[in-house]
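These notes are about the structure you will find just below.
Below, read A as the first sequence line, B as the second, and so on, with proteins coming before strands; counting in each chain starts at 1.
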Amino acid sequence: MRKLIATLKKEGLVLLNDKVGLLIMFLMPIFLVFIITIVQDSTFKLVSENKIDIAINNLDEGNLGDSLVKSLTAAGAFEITTYKALSNKACEALISKEKKLLVIVLPQHFSRDLTQKTSEISQKMLQEFGVVEKNKSSKHLAINNLEIIYDPVLQENYRLSMSNLISSYLGALENQTMITQLYQEMGYDQVPVDLMKLMMKNNTKIVQTPANASDKKMIPNASQHNVPAWSIFAMFFMVVSLGGNIVKEKSNGSFIRLKTIPTSFSLLLMSKMIIYLIVSLLQMVVIFSIGYAIFPHIGLPQLSMPDSLLQLVLVAFVCALAAISYALLIGIYFSTQDQANGFGAVSIIIFAALGGIWVPTFVMPEFLQKVSMVSPLHWCLELFYTLFLRSGSWMELAEGISVLASFSAICLVFVYIKIKKQKLI
Amino acid sequence: MKNQPIIIVDAIQKKYRNSAEFSVDQVSFEIIKGEKFGLFGPNGAGKTTLISMMCGIIEQTSGEVHYFLEGTEQPIAKVLTKIGFVPQDFALYPELSARQNLSYFGSLYEIPKNELNSRINFLLETLGLVHVADKKVATFSGGMKRRVNLAIGIINNPQVLFLDEPTVGVDVQSKMAIIKYLDYLNEQGMTIIYTSHHMKEAEEFCDRIALIDHGKLIALDHLEGIKTKYEVEDLESFFIKLTGLAYRD
């Protein structure tokens, strides 16, 4: 017991004296969690809360272009500046110089084309209802496209969401025009005001409900993903500190000296595991506390903690054990610190990318989703998702826990084989 | 008991994997209790391999090492508390202070706390490290690190002390301090097995000298015996006579 306490004390002191290692272990994930959460949250707010600064170059000779501008303005999602008859070059200049995110160009015959399109549909409907006689042939019109000129740095998903938003208003305008035409064809001057109001106001709302077992509805947001994700990344990035520490002891002769001292090498490894396990759990406590207590004060969504503290502790423990076992494996198998740090860091970055730390795995191609299963970080993240977003049961956690426990066991078996081969135990 | 062998090296051989030749080849000798035994040879002669096998760090390919530290033969695992080893590398924790290093290695021998503290203080005092006892070893000069390395090797007050090139890369002052302290330890009854390629040190320090080259023991005797037998003035001439002038890697 005294040997264990002495070794734990030594490991603790070595770690405390490794200021750079401590900075990497604590400050790096804190910075990452702040920066990535702020970036993701502001991207979300840019679409959902902030007004997007756009321009409309309205070349339309009719009045439907103005109607579209009016409804887009009324929607409140855009800060719109309207221009008439700008050239393409001038539109591009609005993006490069005026910092508009995009410019919508309404073509010259926008109203004519839209009216003809809707007229064709309303005519067809009236023919089907037998209100008017069927024509022999109907003329299909080539419709000029509505063009969006965008800043090339604008991300595709962001561009698509704006394009969809504009499409929905365009669709509403088409419907409105079509109904107006139907009424006119049937001899009415205009659509009754009540009906028009009803059509515009009585939209079906979409209520989004996260599927989880808890009464406490945890809404997925930037904090719910980033806080656990970067805590996991930090735990695994410990490979640089722990792996390097083992390689250093191997190369400076400390391991050799231990062979001439009545002590067990496994005691040394066990002490390292205990100390780094404490460090991992501390990392998690610090990062989670920031997500819970500090995020709301700086305008970021607060981290919602899961219902079961026991489940959280167990999941944190299993993840930390996997991270430490991997670091031991790297430390034992590599012979120089450069090799261990280089391979260790790069492998963790690859595991993180595959595991969905940066980009969720569901957006990856199918084969990559299968490959992501080899990343221990994927399983760690899944466990935290199950806890934080799905309020999962023990049964739901069992698969991830088993996979990570097996991963740790495999790493430790390889560590054992190597040190046995080197006659260290 | 005088002239009692406490370690017998018997036809020991070591061949490393991927090596065509033996690094140590059929070497046999005895270590007598209380002597200062010098193991000398050029670079790559096999000194470190031999001393590593003697203190159980690496396993020999064939042959045996017998330990009689308590009179009867005991396996290496049983004598670990009674031997000390000072490796050529600074086998210590540079992030820790000299005192913390000594305290850690001393605790592994399960030396009672009070006794350990007084031993640490004594060693720090004797080896001139008191003023830097609580400073990180990483900030020490080469000579100071060598002295800490030595202090760790003797923290358990061993009966037999193995030293692998303990004075390499240190200034004359540190070298003299180390040799002087080793002499003191030997006077207290400690058996010392010492490797070096400094012939001057061997002349001044060792009772018996073994010369090893290409893994083979090529000479073993007292200093005077060597001088007479090989008709040389000093050990350096003896060394050159037996090992030649060709470069060794």
Side-chain angles (χ1 to χ4, degrees), chain A residues 1-25 241-242 244-272 275-276 279 335-337 418-425, chain B residues 17 48 51-60 75-97 99-113 116 134-139 145 149 152-153 155-156 158 160-165:
Chain A
M1 192 62 186
R2 199 169 151 213
K3 288 181 188 178
L4 177 67
I5 292 167
T7 314
L8 283 172
K9 190 177 163 191
K10 184 268 290 180
E11 289 301 333
L13 287 169
V14 168
L15 187 69
L16 285 175
N17 282 312
D18 180 12
K19 302 280 184 289
V20 177
L22 282 176
L23 279 181
I24 291 174
M25 281 188 279
S241 177
L242 176 54
N245 168 305
I246 293 171
V247 175
K248 199 159 71 180
E249 285 192 36
K250 273 198 305 188
S251 54
N252 77 5
S254 309
F255 276 19
I256 287 175
R257 198 196 278 272
L258 287 177
K259 286 183 91 174
T260 67
I261 292 174
T263 187
S264 151
F265 191 77
S266 21
L267 183 88
L268 178 79
L269 290 186
M270 199 167 84
S271 305
K272 286 188 190 296
I275 290 294
Y276 279 87
V279 171
S335 39
T336 69
Q337 260 187 293
K418 183 72 176 176
I419 58 177
K420 188 83 184 159
K421 222 170 164 182
Q422 291 180 331
K423 306 234 171 344
L424 288 166
I425 49 170
Chain B
R17 212 191 311 165
T48 300
I51 206 169
S52 299
M53 287 189 287
M54 288 174 76
C55 50
I57 294 167
I58 55 172
E59 223 170 311
Q60 58 269 26
I76 180 76
K78 292 276 177 201
V79 299
L80 284 179
T81 51
K82 300 175 193 92
I83 67 166
F85 175 60
V86 181
Q88 191 175 337
D89 297 320
F90 298 126
L92 37 76
Y93 295 94
E95 307 89 344
L96 305 185
S97 69
R99 192 185 296 281
Q100 286 166 340
N101 267 288
L102 288 166
S103 175
Y104 165 60
F105 285 104
S107 302
L108 296 181
Y109 288 101
E110 298 193 290
I111 302 164
K113 207 169 179 181
L116 178 61
D134 297 309
K135 287 190 177 161
K136 277 187 198 175
V137 173
T139 63
K145 283 179 188 165
N149 208 28
I152 294 169
I155 189 70
N156 58 326
V160 181
L161 177 62
F162 294 89
L163 301 115
D164 190 9
E165 309 260 10

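- Contact count against chain B (heavy-atom pairs under 4.5 Å) is highest for A:L13 among A:L13, A:L4, A:L16, A:L258.
- Within the 4.5 Å cutoff, side-chain heavy atoms of A:T7 are placed close to those of B:Y104.
- Looking at heavy atoms from C-beta onward, A:N252 lies in side-chain contact with B:P94 at the 4.5 angstrom threshold.
- Looking at B:I152, the atoms closer than 4.5 Å to chain A (heavy atoms on both sides) sit in the backbone and in the side chain alike.
- Scanning both residues, A:A6 and B:S107, for their nearest heavy atoms gives CB-CB, 3.4 Å.
- Proximity to chain A is limited to the side chain of B:E59, based on heavy atoms less than 4.5 angstrom apart.
- For B:F85, the parts lying under 4.5 angstrom from a heavy atom of chain A are both the backbone and the side chain.
- You'll find the side chain of A:K10 stays beyond 4.5 Å of the side chain of B:Q100, heavy atoms only.
- In this structure, B:C55 SG and A:I256 CD1 are separated by 10.0 Å, a value rounded to the nearest 0.5 Å.
- With a 4.5 angstrom heavy-atom cutoff, B:D164 does not touch chain A via any of its atoms.
- There is no contact between B:I155 and chain A, counting heavy-atom distances below 4.5 Å.
- At most 12 non-hydrogen atoms from other residues, nucleotides or ligands lie less than 6.0 angstrom from NZ of A:K9.
- Figure legend: cation-pi geometry between A:R257 and B:F105, with NZ or CZ positioned under 6.0 Å from the six-membered ring centre and within 45° of its axis.
- Between chain B and the options A:I5, A:T260, A:T263, the largest number of non-hydrogen pairs under 4.5 Å is found for A:T260.
- Within the 4.5 angstrom heavy-atom criterion, only side-chain atoms of A:L268, from C-beta onward, approach chain B.
- Closest approach of A:K3 to B:L108, counting heavy atoms only: CE-O, 3.0 Å.
- Between B:L96 and A:N17 there is a side-chain heavy-atom pair separated by less than 4.5 Å.
- Nearest heavy atom pair, residue B:Y109 against residue A:P262, reads CE2-CD, 3.5 Å.
- In this structure, chain A has a heavy atom under 4.5 Å from the backbone of B:L92, while its side chain stays farther away.
- Taking a cutoff of 4.0 Å between a charged side-chain nitrogen and a carboxylate oxygen, A:K19 and B:E95 do not qualify as a salt bridge.
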